[in-house]
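All heavy atoms count here, side chains included; hydrogens, waters and symmetry mates do not.
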Amino acid sequence: MSSPALVEAAHPLPLTSREREAGLMVAAGLSNRRIADRLFVSVRTVKGSSTVRP
């Protein structure tokens, strides 16, 4: 049995190395401010990039 969600999960969109780096920081529990400081971007950029989109 296969659902649309499982089909999507089997073929995820590729992430850039920068997106992967930010994702690892989110997973590690860093705040948006800390991530922004480490990546030299604004907090708003981090918030926008970490929002889950369909």
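For the atom pair CZ (R34) and CE (M25), the distance works out to 11.5 Å, reported to the nearest 0.5 Å. Between the CZ atom in R18 and the CG atom in L39 there is a gap of 4.5 Å [rounded to 0.5 Å]. Distance check: L24 CG to L15 CG gives 9.5 Å after rounding to the nearest 0.5 Å.
No continuous path of ILVMFWY side-chain contacts below 4.5 Å connects V41 to V43, so the two sit in separate hydrophobic clusters.
Using modelled atom types, no side-chain atom of R38 and backbone atom of R33 make a donor-acceptor pair closer than 3.5 Å.
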